[in-house]
**Student:** 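What follows is a single structure, and I will ask about it in a moment.
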Amino acid sequence: MTKSKQIVGAALVDSLTRPTRLLAARRTAPPEFAGMWEFPGGKVETGENAEEALHRELAEELGVSVRLGAELEGPTPDGWPLSIKAAMRVWLALVTAGSPEPLEDHDELRWVELGGTEVLALSWIPADLPIVQALKRLNTPG
Ligand SMILES: Nc1nc2c([nH]c(=O)n2[C@H]2C[C@H](O)[C@@H](COP(=O)(O)OP(=O)(O)OP(=O)(O)O)O2)c(=O)[nH]1
């Protein structure tokens, strides 16, 4: 069996324990994803573990250091299925240094409220919608 490609993504939030706001990032490429909103992150490279890859991607893409919180567990050990070939593990993350800027791969960043409908009004990459829903549930416990 071929192992699926491991992607990692960050749900950058205002609080690791009671998140109310999420940072969405708008992709610039490839054409099929350009203009869609996503979780900053990318592929795990050979020789690094998932958390290391996520720290590297966030430094490259947004220019920030973060503290990782809990993993937002998906339905498979590789996280959330993105396609037949790829799955993404997602962690809550809090900025500890720097201020997020769209340095690479994105042309806009936006903090959105997790409560209400604002976050769902963005045109997310379709595979990300179950992840956004899971984050919304964290915001409205019970
Ligand atoms: N980063 C990210 N990728 C996602 C999300 N949802 C989703 O389907 N994807 C897909 C898009 C890409 O096919 C793949 C991630 O690849 P990427 O292009 O972000 O990875 P990378 O930065 O390491 O890319 P590169 O070095 O090859 O340019 O996962 C998401 O929320 N965040």
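Counting convention: from 1, in listed order, for ligands and their atoms alike.
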**Student:** Output the list of atoms in ligand 1 that are nearer than 4.0 Å to some heavy atom of Phe39, sorted by atom number.
**Tutor:** 1 (N), 2 (C), 30 (C), 31 (O), 32 (N)
**Student:** State the atoms of ligand 1, each with its element, that fall below the 4.0 Å cut-off from a heavy-atom position in Leu82.
**Tutor:**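 Near Leu82, meaning under 4.0 Å from one of its heavy atoms, ligand 1 has 6 (N), 7 (C), 8 (O), 9 (N), 10 (C), 29 (O).
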**Student:** Does the protein put a heavy atom under 4.0 Å from atom 28 (O) of ligand 1?
**Tutor:** no
**Student:** According to ring-ring contact (aromatic ring centres under 6.0 Å, His included), who are the partners of Trp80, at least two apart in sequence or on a separate chain?
**Tutor:**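 By the ring-ring contact (aromatic ring centres under 6.0 Å, His included) rule, Trp80 matches no residue at all.
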**Student:** Taking non-hydrogen atoms only, is Glu60 closer than 4.0 angstrom to ligand 1 via side chain, backbone, both or neither?
**Tutor:** neither
**Student:** Taking the basic N atoms (NZ, or NE/NH1/NH2) and the acidic carboxylate oxygens, is any pair closer than 4.0 Å for Arg56 and Glu52?
**Tutor:**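 No, Arg56 and Glu52 are not salt-bridged.
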**Student:** In the protein, which heavy atom is nearest to atom 13 (O) of ligand 1, and how far is it?
**Tutor:** Phe33 CE1, 3.7 Å
**Student:** Out of Ile131, Ile7, Asp128, whose heavy atom sits nearest atom 14 (C) of ligand 1?
**Tutor:**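 Answer by nearest heavy atom: Ile7.
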**Student:** Heavy atoms only: which of Lys85, Glu45, Lys5, Lys43 is nearest to atom 25 (P) of ligand 1?
**Tutor:**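 It is Lys43 that holds the nearest heavy atom.
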**Student:** In terms of side-chain heavy atoms, does Asp14 have a donor or acceptor partner in Thr20 at a distance below 3.5 Å?
**Tutor:**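 Yes, side-chain donor-acceptor contact under 3.5 Å.
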**Student:** Quick one: does Ser65's side chain get under 4.5 Å of His55's, heavy atoms only?
**Tutor:**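 In short, these two side chains do not touch, never coming nearer than 4.5 Å.
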**Student:** Using a 4.5 Å cut-off between side-chain heavy atoms of Ile, Leu, Val, Met, Phe, Trp and Tyr, which other residues end up in the same hydrophobic cluster as Val66?
**Tutor:** Val8, Leu12, Leu23, Val44, Leu54, Leu58, Leu62, Val64, Leu68, Trp91, Val95, Leu109, Trp111
**Student:** Note the single closest protein heavy atom to atom 4 (C) of ligand 1, along with its residue, its atom name and the distance in Å.
**Tutor:**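 Checking every protein heavy atom, the shortest distance to atom 4 (C) of ligand 1 gives Glu38 OE1, 3.6 Å.
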**Student:** Would you call Arg110 and Glu108 a salt bridge, using N to O less than 4.0 angstrom?
**Tutor:**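 A salt bridge is present here (some side-chain N lies under 4.0 Å from a carboxylate O).
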**Student:** If two hydrophobic side chains count as joined below 4.5 Å and joins carry through other members, does Leu135 share a cluster with Leu94?
**Tutor:**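 Linked within one cluster.
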**Student:** From the options Glu57, His106, Arg56, select the one whose nearest heavy atom is closest to atom 22 (O) of ligand 1.
**Tutor:**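 Heavy atom nearest to atom 22 (O) of ligand 1 belongs to Glu57.
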**Student:** Which residue and non-hydrogen atom of the protein lie closest to atom 18 (O) of ligand 1, and at what distance in Å?
**Tutor:** Arg27 NH2, 3.0 Å
